[in-house]
Structure formats: C-alpha cells, structure tokens
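First the structure, in the form of structure tokens, and then the observations on it.
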Number of protein chains: 2
Amino acid sequence: MRRSNDDAASEPGGDLLPDAADHARQYASVRRAHETELIEDYVELIGDLLAAEGEARAVDIARRMGVRQATVTKMVGRLSELGLVKSLPYRSIFLTDQGQAVAERSRKRHVVVLQFLRAIGVSDATARIDAEGLEHHVSDETLEVMRRFIADLQ
Amino acid sequence: MRRSNDDAASEPGGDLLPDAADHARQYASVRRAHETELIEDYVELIGDLLAAEGEARAVDIARRMGVRQATVTKMVGRLSELGLVKSLPYRSIFLTDQGQAVAERSRKRHVVVLQFLRAIGVSDATARIDAEGLEHHVSDETLEVMRRFIADLQ
DNA sequence: CGAAAAACTTAGCTAATGCTAATCTCTTTA
DNA sequence: TAAAGAGATTAGCATTAGCTAAGTTTTTCG
C-alpha cells in the first residue's frame with residue numbers, strides 16, 4: 001500500500017510535519033534567504049570597511065571574509081552586475097545607493113540580533129559568531145520582537 | 001597611501017569590524033554551518049517522515065522540501081555516501097544510526113528554537129518559518145540559553 | 001627612477017544544488 | 001494479467017562560490 005498522507009500530522013500540538021505546502025514554503029523561504037545571504041554579507045562588510053577606513057579594498061575584504069582575493073574579485077563582479085557596488089579595475093570598491101541601502105539594513109539587523117543575544121545572556125564571543133549566521137534568517141516580525149525585548153530591559 | 005589597518009576598529013564598544021582574524025573565523029563558521037544545513041534539513045525531514053508515517057519516500061520528501069524528485073534522488077545519494085541513510089533503488093529510505101543521531105539532534109534544536117521564538121512573542125506562523133532558518137546557526141551555548149529561558153517561564 | 005612587493009585580475013578547475021526531459025520500475029486497477 | 005499511472009532514476013545543463021596558478025597593474029622604497 002503506497003499512499004501519501006500529508007494530513008497525518010496536522011494535529012495542532014505537533015511541532016513536526018506541518019501541512020506539506022506550508023512546509024515547502026518554509027524551505028523555499030530558507031533557500032531564498034540562502035541566496036541573498038552571502039551577497040548581504042559582502043555588501044555589509046564593504047559598507048563597514050568604507051565607514052571604518054574610508055575605502056574597501058579587495059585584500060581587506062578577502063582577509064575578513066576568510067577567502068582568496070580571486071574570490072573577492074569574482075564576487076565584486078557579481079555585486080556589480082546586481083547594481084550594488086561600483087568599481088573600476090585595480091581600484092577600490094564603492095557602494096551604489098542601492099548597495100548602501102542593503103548594507104544599512106543588514107547592519108541594523110546585525111546589531112539588533114547581536115544585542116538581543118547578549119541581552120538574553122549569551123557570551124560576547126558566541127553572540128558575535130551566532131549573530132553573523134542568524135541575521136539573515138530573522139524575519140521582520142521576529143526582529144521587531146527582539147528590538148522591543150532589548151528596549152524593555154532599559 | 002595604501003595600508004591595511006585591521007586595528008582600526010578594535011575599540012570595545014564597536015559592534016562593527018572585529019579583529020580581522022576573528023572576523024574571518026566568524027564567516028568560516030557560517031560557511032561551515034551552511035554546508036551542513038541542507039544535509040541536516042533532509043535528514044531531519046526523513047526522520048520526521050519515518051516517525052510520522054513509518055516510511056520516507058522520495059515523492060514526499062520532494063513535496064515537503066519543495067524540490068523535484070530528481071533532486072531528492074541526487075541528495076539521497078549524497079546522504080548515502082555520507083553514511084547517513086540507507087536506500088535501495090526504487091525503495092523507500094531509512095536512516096543509519098548516524099543519520100538517526102543527526103536527525104534527533106536537529107529535531108531537538110528545532111523544537112527549542114521554535115518554542116523560544118514563541119516564548120518571546122513571535123507568532124506561530126513566523127516562528128515556524130524562522131525556526132527552520134535559524135536552527136542551524138544557533139550555537140550550543142545559545143541553545144542552552146534558550147532552553148533555560150523557556151524553562152524559567154513555567 | 002626603477003625594481004621589488006603588494007594588490008588585483010583572469011583562466012580554468014571543483015563541488016554542491018537545483019532544474020528538465022527521458023527512461024525505467026513498481027503499483028494499481030480495469 | 002496487462003496497461004496505465006505513479007514513483008524513482010539517469011543524463012545533461014546552469015548557477016554559485018570556492019580554489020590555484022599565472023599574469024597584470026599599482027604602489028612602495030632603495
């Protein structure tokens with residue numbers, strides 16, 4: 001007997017196996033986040049470097065991302081195609097307005113997540129690591145909840 | 001004047017630009033999580049299907065992951081190489097002991113993150129979506145903090 | 001200034017994950 | 001039981017993101 005039973009686990013209490021279509025949507029959402037994740041990380045880092053040092057050079061991006069310069073060059077090309085950065089060969093890299101907006105949004109997200117983790121009692125070192133991974137998977141709603149949580153502590 | 005200044009932003013208050021080596025480690029950590037993420041999702045889903053329905057078939061995995069059956073076949077091959085699942089052609093899929101361990105750990109993680117999100121006031125629908133994305137980026141330390149947070153509410 | 005060093009780019013490779021189209025196997029059912 | 005339908009697999013393609021090695025450009029410094 002072979003038969004799909006997607007309805008087998010739709011009892012409200014079950015934390016496992018939600019409705020199949022919803023489930024697929026969840027994973028689709030993760031995959032989507034996944035695609036923009038790296039892009040946002042690069043753009044955010046470029047923004048941070050510009051803010052901290054006035055320029056963003058491939059060698060610094062490479063060092064901080066922990067990748068090779070060749071990888072940075074390739075990625076910058078991709079960011080350029082996406083209209084997020086402007087760059088001329090052998091020159092340092094700048095953000096377009098659109099890139100700046102992305103960087104700013106990522107930075108804000110990052111800070112909220114980081115502060116939230118610290119607020120609930122996670123150590124600084126761990127909070128930094130986790131924030132980097134978590135920031136791209138936190139919805140606007142959750143971010144707002146975190147923001148309020150931090151605010152309520154003061 | 002071209003010169004790297006990794007020390008430019010090491011003042012304690014700065015949430016941006018940590019020490020370059022640490023920064024690279026953070027990203028490396030995210031990349032590592034990234035690699036295991038999908039694998040864990042598949043294994044966890046297979047475990048959930050086995051628990052809920054007694055068998056895990058490619059068609060159901062595909063439907064729930066929101067992916068084509070061909071993709072599932074390929075992925076199952078990969079999981080098999082990794083020693084996480086056992087499968088014979090045209091037969092349904094089972095977890096090895098190692099796979100079972102991975103599934104269990106993922107499931108526990110998932111539940112803690114989900115409950116935590118609900119506990120801080122995130123809506124159920126959003127919590128489900130976010131939990132899926134967040135669970136792979138939460139360190140053991142943060143998970144423990146979340147667990148305590150939930151426990152303290154009771 | 002000119003050579004060495006540093007930074008950047010290009011070319012070509014690999015691996016992972018998705019897809020479609022075509023085919024094969026198994027199950028159901030007329 | 002044989003044909004139709006469902007499920008699974010294979011082959012082949014595309015994209016992304018990393019790498020190394022080799023070459024080019026820019027910067028630094030003797």
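To find a chain, count down the sequence lines: A is the first, B the second, and so on, and within it residues start at 1. Any value given below was found using the heavy atoms of this structure, including those in side chains, with hydrogens, waters and symmetry copies removed.
Residues meeting the ring-ring contact (aromatic ring centres under 6.0 Å, His included) test with A/F94, sequence neighbours left out: none. Residues passing the side-chain contact (heavy atoms from CB on, under 4.5 Å) test with A/L143 are A/R109, A/V112, A/V113, A/V138, A/R147, sequence neighbours excluded. Legend: residues meeting side-chain contact (heavy atoms from CB on, under 4.5 Å) with B/T73, ordered by chain and number and at least two apart, are absent. The salt bridge (charged side-chain N to carboxylate O under 4.0 Å, His left out) check on B/R148 picks up nothing, with sequence neighbours excluded.
Residue-level contact check: B/V72 touches neither bases nor backbone, having no heavy atom under 4.0 Å from any strand.
For the ring-ring contact (aromatic ring centres under 6.0 Å, His included) condition, the pairs that include at least one residue of residues 119-139 of chain B, sequence neighbours left out, are A/H137-B/H137.
Heavy-atom minimum distance, A/A127 versus A/V122: N-CG1, 3.7 Å.
If you find the closest nucleotide of DNA chain D to A/Q69 and to A/P89, the one lying nearer the 5' end belongs to A/Q69.
B/Y90 has its OH atom 12 Å from the P atom of C/dT27, to the nearest Å. In this structure, B/M65 places its CE atom 18 Å from C1' of D/dA8, rounding to the nearest Å. The distance between atom CD1 of B/I61 and atom P of D/dA6, rounded to the nearest whole Å, is 20 Å. A straight line from CZ of B/R64 to C1' of D/dG7 spans 17 Å, rounded to a whole angstrom. Between the C1' atom of C/dG18 and the CZ atom of A/R32 lies a distance of 15 Å, rounded to the nearest Å. As rounded to whole Å, 15 Å separates atom C1' of C/dA7 from atom CG of A/L49. If you take CZ of A/R31 and C1' of C/dA16, they are 14 Å apart, rounded to a whole angstrom. Atom CD of A/E55 and atom P of C/dA7 are 11 Å apart (whole Å).
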Pairs: protein N or O with nucleotides 12-16 of chain D N or O, under 3.5 Å:
| residue | atom | partner | partner atom | Å |
| --- | --- | --- | --- | --- |
| D/dG12 | O6 | B/K74 | NZ | 3.4 |

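Considering only side-chain N and O atoms, A/T73 lies nowhere under 4.0 angstrom from the phosphate OP1 or OP2 of C/dC8. Contact annotation: B/R63 does not reach the phosphate of D/dA6 (side-chain N/O to OP1 or OP2, under 4.0 Å). Of the side-chain N and O atoms in B/R68, none sit less than 4.0 angstrom from OP1 or OP2 of C/dG18. A close approach under 4.0 Å does not occur between any side-chain nitrogen or oxygen of B/Y27 and OP1 or OP2 of D/dG18.
Proximity of B/I93 to B/I61: side-chain heavy atoms (C-beta onward) are separated by under 4.5 Å at one or more points.
Each of D/dT26, C/dG18, D/dC19 was ranked by its minimum atom distance to the side chain of A/V67; first place goes to D/dC19. Here the nucleotide nearest the side chain of A/A70, chosen from C/dA11, C/dC19, C/dT27, is C/dA11.
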